[in-house]
Structure formats: structure tokens, C-alpha cells
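Here is the structure we will look at, set down as C-alpha cells.
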Amino acid sequence: MLFRRKASVAALIDAFNAHDRAAAEGLLASDVRFVDRDGVELVGREETLALMDQMFASPRGFRHRLDRITRRAGADLATLTVFHSLAPEGERLLWRVRYKSRKIAFLEAFRDGAMEGMASLFPSARADERPTTLPLRAAG
């Protein structure tokens, strides 16, 4: 079951990078909650897909690269780098993803600087098991 969860995060990033709305739709629960890195919350698959449609149409050329997935406290944590014209060197994000019936039911994005506060989400984890920022690799 853990493999399926990891595959879902990777599959969502693949769908996003391919601008494949249908693939993304198949991964999201109908009542998905998405909280972006600025704290704006969207509720429902159609609202989330509408945001993706806007990003797909953007001239910024958004692209995500998955760097690491960690399972903690019933959620997948995905460390990723987002490339776009406003941050050509890459913007570091952390996604916290929860599932319901093998669909993504909750996705929350955090900016790189907010990762230090993530330890509070994992009170039972040892310090060396908590999510950490990975070194930025060249885009591939």
C-alpha cells in the first residue's frame, strides 16, 4: 500500500509536468483539499483542477521535480523543486499529502523556509528522521 501512495505523489507530478488534466483528475478525491504555499485553500477536485488549468496556460513554464518522498504520521511528505520563469534556479517546496480510498484527499504545500517548523508535525519522530531540505540538484 505504501508503494501506491508513493506512486500517487509521483503520478501527480508527472501529470502536472505533462499538463495532463485527465491523469490529475483520476488521482484526486472528489472532495480533495489543496492548500497552496501561500495558505490559499481550495476545496474539491474541480476547483483544484481549475487552478491546474491556469498554471498549465501560464507562460511561466512551471515544472516540478520530485526529490524525495518520506512517510510520516499517516501522510506522505514529498520534497520537490519547482522551476518557473520567476525562480529559474528552482523554488524548494514540501508537500504533505494524505489519502482516502487510494486518491489524494489533502495536499498542503510549504515553502522551503517553513520546513524547519515541520518537526512539530512529527512529535514521535527522532530528529534524524524528520524531513530535511535536500541539496539542490541541477535540473534534468
Side-chain angles (χ1 to χ4, degrees):
M1 187 183 321
L2 183 58
F3 175 77
R4 281 200 167 288
R5 288 184 173 139
K6 286 185 179 181
S8 292
V9 171
L12 183 62
I13 290 171
D14 287 346
F16 187 89
N17 288 341
H19 296 193
D20 187 343
R21 186 184 207 277
E25 183 174 11
L27 297 167
L28 301 173
S30 62
D31 59 347
V32 65
R33 285 181 47 226
F34 171 72
V35 182
D36 77 7
R37 66 186 190 272
D38 296 317
V40 176
E41 184 173 352
L42 304 175
V43 179
R45 181 173 31 217
E46 287 308 314
E47 194 170 336
T48 302
L49 289 170
L51 174 66
M52 287 183 166
D53 289 340
Q54 290 175 11
M55 295 174 87
F56 294 163
S58 169
R60 295 182 183 167
F62 282 95
R63 183 174 57 83
H64 292 71
R65 182 189 68 216
L66 180 61
D67 296 322
R68 180 179 178 181
I69 300 173
T70 306
R71 177 132 171 94
R72 295 283 185 262
D76 282 345
L77 295 172
T79 307
L80 56 137
T81 306
V82 180
F83 298 91
H84 53 83
S85 63
L86 298 179
E89 295 301 317
E91 176 182 16
R92 304 281 299 160
L93 296 178
L94 178 76
W95 282 0
R96 181 171 54 152
V97 181
R98 292 190 186 139
Y99 300 88
K100 180 176 69 177
S101 302
R102 297 189 180 176
K103 301 271 187 174
I104 295 172
F106 178 78
L107 191 155
E108 186 172 16
F110 298 89
R111 293 181 189 275
D112 185 34
M115 287 186 199
E116 289 74 28
M118 293 297 288
S120 65
L121 296 173
F122 311 104
S124 63
R126 295 189 329 249
D128 62 330
E129 292 179 330
R130 294 180 184 146
T132 58
T133 303
L134 301 175
L136 185 65
R137 297 184 306 240

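The two residues Ala11 and Leu27 come nearest to each other via the heavy atoms C-CD1, 3.5 Å. For Ala24 against Ala15, the heavy-atom pair with the smallest separation is N-CB, 3.7 Å. The minimum heavy-atom distance between Phe56 and Phe16, with the atom names listed, is CE2-O, 3.4 Å.
The distance from atom CZ of Arg111 to atom CG of Asp38, rounded to the nearest 0.5 Å, is 4.5 Å. Between the CG atom of Leu28 and the CD atom of Glu47 there is a distance of 12.5 Å, given to the nearest 0.5 Å. Atom CG of Leu107 sits about 11.5 Å away from atom OG of Ser8, to the nearest 0.5 Å. One finds the CG atom of Asp36 at 11.5 Å from the CZ atom of Phe110 (value rounded to the nearest 0.5 Å). A distance of 4.5 Å separates CD in Glu41 from CZ in Arg33, rounded to the nearest 0.5 Å. How far CZ of Arg92 is from OG1 of Thr81: 4.0 Å, rounded to the nearest 0.5 Å.
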Go through it in stages, so that I can follow the logic: the residues are Glu46 and Glu25, the test is side-chain contact (heavy atoms from CB on, under 4.5 Å), and I'd like the CA-CA distance, side-chain angles, deciding distance and then a yes or no. CA-CA 8 Å; Glu46 287 308 314; Glu25 183 174 11; 3.8 Å; yes
Go through the steps to decide whether Arg65 and Asp67 satisfy the test salt bridge (Lys or Arg N to Asp or Glu O under 4.0 Å), and finish with yes or no. CA-CA 6 Å; Arg65 182 189 68 216; Asp67 296 322; 2.7 Å; yes
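Looking at Ile104, Thr48, Leu49 one by one, the single match for side chain to side chain contact (heavy atoms under 4.5 Å, CB included) with Phe34 turns out to be Thr48.
The backbone N or O of Phe106 lies less than 3.5 Å from no partner atom in the side chain of Arg98, so there is not a single donor-acceptor pair. The closest donor-acceptor contact from the side chain of Asp76 to the backbone of Val97 lies at 3.5 Å or more, if one exists at all.
Each of Val82 and Val35 belongs to its own hydrophobic cluster when Ile, Leu, Val, Met, Phe, Trp and Tyr are linked at side-chain heavy-atom distances under 4.5 angstrom. Linking Ile, Leu, Val, Met, Phe, Trp and Tyr residues whenever their side-chain heavy atoms come within less than 4.5 Å leaves Tyr99 and Val43 in two separate clusters.
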